[in-house]
Amino acid sequence: MNNHEFARRKFLQISGFSSMSLLLGGCGTPMFADFVGTLSEPLNQKFEELIFQPQKPVPEFLPSQIEPSKLIVNSFKSTPIIDLEKYRLIIDGEVNHPLSLSMADIQALPLTSMIIRHVCVEGWAAIVEWGGIRLREIIALSQPKSQVKYAYFKSADGYYESWDIASALHPQTLLAYQKNGAALPVENGAPLRLASPIKLGYKQSKWVTRVTLTSKLSNAKGYWEDMGYEWFAGL
C-alpha cells in the first residue's frame, strides 16, 4: 500500500465519511470544512479516546525508509520571523512551576529521536526522523496540577491547537528541533514544533511558543477544528 492510500484509508477509518471528505485541506487549504464540521465531532471523539492507549509506542521505521522529499510544507499564514536570542517557550496554566525556556535550556535536556510517519488529512504521508525533547518531560518540569486534562498550544504565526493531556504525555510526542538529523528548517516549524505518530498533521503545530495546561476545553479548540475538523484526530 502506498503512502497516499494509507493516509486515505486511515482518514476514512477515523472519520467515517465517504471519499468526498478527502477534499479537506486540514494541513493547509480549507475546503468543505463547514460541511464536515457538523458531522465529524463528537461522532468519533469518545470512541477514539476509549481505544487510545496513552503509553503504547507506535512502531517506528528504519533510516533507509526516510522520505526526505515527501514532507509537504503547509502553513495557514506566512512563515513567521523568530529571533532565536529572544525566543522563549512558555509553559503556564494550571501548573505549580511556570516555565520560560530558551532554546539553550531545551537543548540541554535529553534528546529523543524517532522515525515516524507524518499523515496529513489532505491524503499524503511522509516518513520523517524528528529529534527533540519529549513533551511530557517539559510538562513534568512545570509540575502540572492534578486536574489538568488538556494542553493548548500557541504558535508564532497565530496558529492555535489543543490536545488531550494523555496524547500530550505519550512517550512519542515531541517538541522537535531536528528533522532528519539536521537542524529543523524554519519552514517546517523551527525553532520548535510538535511531532507525534498518534495525531494527524494539523494537530502538530509549528513555531510553538506557548503550552498552556488546563482542566477545561474552551470553545476555541484549534484553528482547523473551529472550522469543523475533528478535534481528537488520532491515528
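Predicted model only: the values in this text are computed from it and were never measured.
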Spacing of CG belonging to Leu194 relative to CH2 belonging to Trp163, to within rounding of 0.5 Å: 5.0 Å
Asn180 side-chain N/O to Glu129 backbone N/O, donor-acceptor pair under 3.5 Å: yes
Minimum side-chain heavy-atom gap Ile106-Leu175 below 4.5 Å: no
pair Ile165-Ile139: side-chain heavy atoms closer than 4.5 Å: yes
Euclidean distance, Tyr150 OH relative to Lys221 NZ, rounded to 0.5 Å: 8.5 Å
Other residues, nucleotides, ligands: >12 heavy atoms within 6.0 Å of Leu62 CG: yes
Contacts of type side-chain contact (heavy atoms from CB on, under 4.5 Å), residue Asn219, not counting sequence neighbours: none
Partner set under side-chain hydrogen bond (donor to acceptor under 3.5 Å, both in side chains) for Thr173, not counting sequence neighbours: Ser196
Interatomic spacing from CG in Leu99 to CG in Leu89 - rounded to 0.5 Å: 8.0 Å
Lys199 and Asp164 ion-paired at < 4.0 Å: yes
Salt bridge (charged side-chain N to carboxylate O under 4.0 Å, His left out) partners for Lys203, two or more places apart: Glu161, Glu225
side-chain hydrogen bond (donor to acceptor under 3.5 Å, both in side chains) partners of Asn188, counting only residues at least two apart: Lys179
Counterpart residues, side-chain contact (heavy atoms from CB on, under 4.5 Å), relative to Ser146 (two or more places apart): none
By side-chain contact (heavy atoms from CB on, under 4.5 Å) - contacts of Ala220 (at least two apart): Tyr160, Ser218, Asp226
Interatomic distance, Ser142 atom OG to Leu101 atom CG [nearest 0.5 angstrom]: 9.5 Å
Ser102 side chain to Asp105 backbone, donor-acceptor under 3.5 Å: yes
Side-chain touch Cys120/Leu200, heavy atoms, less than 4.5 angstrom: no
From Gln204 atom CD to Phe153 atom CZ, the distance as rounded to the nearest 0.5 Å: 10.5 Å
Side-chain heavy-atom pair Ile127, Ile116 within 4.5 angstrom cut-off: no
By side-chain contact (heavy atoms from CB on, under 4.5 Å) - contacts of Ala156 (at least two apart): Pro80, Ile82, Trp207, Thr209
Least distance between heavy atoms, Ser113 atom then Glu60 atom: O-OE1, 4.4 Å
Minimum side-chain heavy-atom gap Leu135-Leu169 below 4.5 Å: no
Partner residues of Tyr177 under the side-chain hydrogen bond (donor to acceptor under 3.5 Å, both in side chains) criterion, sequence neighbours left out: none
Contact list for residues 137-149, test salt bridge (Lys or Arg N to Asp or Glu O under 4.0 Å), sequence neighbours left out: Arg134-Glu137
Leu184 and Trp130, any side-chain heavy atoms less than 4.5 Å apart: yes
All pairs passing side-chain hydrogen bond (donor to acceptor under 3.5 Å, both in side chains) where residues 90-99 contributes a residue, at least two apart: Asp92-Arg210, Asp92-Thr212, Glu94-Gln147, Glu94-Thr214, Glu94-Ser215
Qualifying residues under side-chain hydrogen bond (donor to acceptor under 3.5 Å, both in side chains), relative to Gln143, sequence neighbours excluded: none
